[in-house]
Amino acid sequence: MEKIKMTTPLVEMDGDEMTRILWKIIKDELIYPFVDLKSEYYDLGLEHRNETDDKVTFDSAYATKKYGVAVKCATITPNAARMTEYNLKEMWKSPNGTIRAILDGTVFRAPIVVKGIEPCVKNWKKPITIARHAYGDVYKGSEMKIPGPGKAEIVYTAEDGTQTVELIHEFKEAGIVQGMHNICGSIESFARSCFNYALDTKQTLWFATKDTISKKYDHTFKDIFQDIFDAEYKEKFDAAGIEYFYTLIDDAVARVMKSEGGYIWACKNYDGDVMSDMISSAFGSLAMMTSVLVSPDGNYEYEAAHGTVQRHYYKHLKGEETSTNSVATIYAWSGALRKRGELDNIPELMDFADKLEAATIKTIEDGKMTKDLALITTLENVTVLNSENFIKAIRETLEAMY
């Protein structure tokens, strides 16, 4: 077949460890043979981030604002052990956190449902989409170790120099404090992104925080959502036959476990981080999850919702065989290519993205899969493929569709 032409580049953010290995194989086997790929490449591997003092991460985010669509590989957020392993200049912040802060918006994550991979929660019949706020909270937090007795306070100094002081704690011994923030404008963008996504997908929207305990911080989220819903979205939701409701986070968790699925669950930043892992794992695998950051000004960043698969990478370095699930990374590419096709009015590119996802699902449902899925599938007589051969099997299925 003639390769599908692109008009506008998408931003390509390469990553780390095993997902970086898969990234290249996916491009070689599933993208280049079918698409004349135009991308602006940024190496977000930890070594290159360290070499550029993390400037490359900022550059990739600003490029996304320029071109509107990005696809991102999983990346390392370094801890103390990584500082030593990679000989880092400093403990660089989460690339995802940096990119999300620049783009603003909301991360939408939903499980990829496949026949033969049954959810751990038996009554879940439909996907549950997590809408995760992508700014602030602990990801922009400031922390301090308290060496001994003393007073810790929050101090706000207004532009005119007047101060407001709130006591955090009167320490009698050593301890720790953490300060975090959010911005009303970002919370408003989060709310509108959730309401618009609910209308686009015709799904009921839940939102949950702990406003009974956090009477100012979490309560502000609750109030902003309700004000925007009442003023801008209530009539639209009624017309669409869908619902918005707020509940406490502990009530939401209990309801989720008893539900059939088929709705959007909006969460603050950290809640969404944790709950999306819980949802994806319970539906089958962390590697079976779509993830897209949608910014209020119409920028999209598609990514795999899991980590860099460090354990498999170390096996790979020793020359040992791995069977790493690449589905989430494949869907990051298909999502970005589909959106690029949609924005540039290239139906062939959108059709290719649909076929790539269909080929991925069919390959698994035909019994060809990676080890993580083989361990939990209800299908019989499945074939366990290594990392590369699984991607090659998808290519065979995809080629048969053309």
Side-chain angles (χ1 to χ4, degrees), residues 97 100-101 103-110 128-142 154 156 164 166-168 177-259 261-279 292-297:
R100 289 166 190 161
L103 296 180
D104 200 3
T106 301
V107 178
F108 293 94
R109 289 180 171 170
I128 297 166
T129 301
I130 296 288
R132 174 187 171 188
H133 189 210
Y135 178 82
D137 300 349
V138 294
Y139 300 86
K140 281 289 201 178
S142 298
I154 298 173
Y156 163 68
T164 307
E166 187 81 30
L167 177 69
I168 300 171
V177 292
Q178 179 185 71
M180 62 186 199
H181 77 279
N182 224 290
I183 298 167
C184 289
S186 182
I187 301 169
E188 290 164 8
S189 295
F190 173 39
R192 289 190 176 95
S193 292
C194 291
F195 292 136
N196 289 332
Y197 199 83
L199 288 169
D200 287 345
T201 58
K202 298 284 191 292
Q203 293 184 91
T204 283
L205 173 67
W206 303 14
F207 181 46
T209 72
K210 193 71 171 173
D211 68 287
T212 51
I213 302 299
S214 179
K215 297 182 189 297
K216 293 177 183 173
Y217 199 103
D218 282 20
H219 215 295
T220 298
F221 276 82
K222 176 186 177 181
D223 291 344
I224 287 174
F225 262 72
Q226 196 62 53
D227 290 347
I228 290 175
F229 178 73
D230 291 342
E232 302 175 29
Y233 290 95
K234 189 176 188 311
E235 290 181 4
K236 294 175 184 175
F237 268 56
D238 290 344
I242 58 175
E243 182 186 0
Y244 164 69
F245 71 86
Y246 175 86
T247 187
L248 285 171
I249 186 75
D250 29 353
D251 176 52
V253 171
R255 287 192 189 205
V256 163
M257 300 309 289
K258 297 288 177 69
S259 76
Y263 48 82
I264 302 163
W265 179 10
C267 296
K268 287 169 56 198
N269 206 344
Y270 179 74
D271 295 343
D273 192 356
V274 175
M275 296 306 174
S276 63
D277 280 356
M278 184 269 286
I279 294 290
V292 57
L293 172 69
V294 182
S295 78
D297 49 355

Nearest non-hydrogen partners of Phe207 and Thr209, listed with the distance: CZ-CG2, 3.5 Å
Asp273 side, atom CG; Ile130 side, atom CD1 - distance, nearest 0.5 Å: 11.0 Å
Minimum heavy-atom distance between Ile128 and Gly262, given as atom pair plus value: CG1-N, 4.4 Å
Parallel, tilted or perpendicular: ring planes of Trp206 versus Phe245, cut at 30 and 60 degrees: tilted
Phe237 six-ring face occupied by Lys234 cation (under 6.0 Å, within 45°): no
Under-4.0 Å salt bridge between Asp251 and Arg255: yes
CA sep, side-chain torsions, deciding dist, call: Tyr135, Ser189, side-chain contact (heavy atoms from CB on, under 4.5 Å): CA-CA 10 Å; Tyr135 178 82; Ser189 295; over 6 Å; no
side-chain contact (heavy atoms from CB on, under 4.5 Å) between His133 and Asp271, intermediate numbers included: CA-CA 9 Å; His133 189 210; Asp271 295 343; over 6 Å; no
Gly272 backbone acceptor or donor facing Ser276 side chain under 3.5 Å: yes
Thr204 (side chain) donor-acceptor with Glu243 (main chain) under 3.5 angstrom: yes
Heavy-atom check, side chain of Leu205 versus side chain of Ile242, under 4.5 Å: no
From Arg192 atom CZ to Phe225 atom CZ, the distance as rounded to the nearest 0.5 Å: 11.0 Å
Full working for side-chain contact (heavy atoms from CB on, under 4.5 Å) between Ile279 and Val256: CA-CA 10 Å; Ile279 294 290; Val256 163; 4.3 Å; yes
Working for side-chain contact (heavy atoms from CB on, under 4.5 Å), residues Val138 and Asn269: CA-CA 8 Å; Val138 294; Asn269 206 344; over 6 Å; no
CG on Asp223 to CD1 on Ile228, rounded to 0.5 Å: 11.0 Å
Any side-chain heavy-atom pair of Glu166 and Tyr156 under 4.5 Å: no
Closest non-hydrogen atom pair between Ile249 and Lys210, with its separation: CG2-CD, 4.1 Å
Minimum heavy-atom distance between Phe190 and Cys267, given as atom pair plus value: CZ-O, 3.2 Å
Side-chain heavy-atom pair Asn182, Ile187 within 4.5 angstrom cut-off: yes
Parallel, tilted or perpendicular: ring planes of Tyr270 versus Tyr139, cut at 30 and 60 degrees: tilted
Tyr217 (side chain) donor-acceptor with His181 (main chain) under 3.5 angstrom: yes
Pair Tyr197 + Phe108: ring centers closer than 6.0 Å: yes
From CZ (Phe229) to SG (Cys194), nearest 0.5 Å: 12.5 Å
Side-chain heavy-atom pair Leu293, Val107 within 4.5 angstrom cut-off: yes
From CG (Asp211) to NZ (Lys222), nearest 0.5 Å: 4.0 Å
Distance in Å, Glu232 CD paired with Glu188 CD, rounded so as to fall on 0.5 Å steps: 9.0 Å
Any side-chain heavy-atom pair of Val253 and Met275 under 4.5 Å: yes
Heavy atoms from other residues, nucleotides or ligands near CD of Gln178 exceed 12 (cutoff 6.0 Å): yes
Heavy-atom side-chain proximity of Ile264 to Tyr244 below 4.5 angstrom: no
Test item: Thr129 and Arg109 side chains (from C-beta on) under 4.5 Å apart, heavy atoms: no
Min side-chain heavy-atom separation Phe221-Lys268 under 4.5 Å: yes
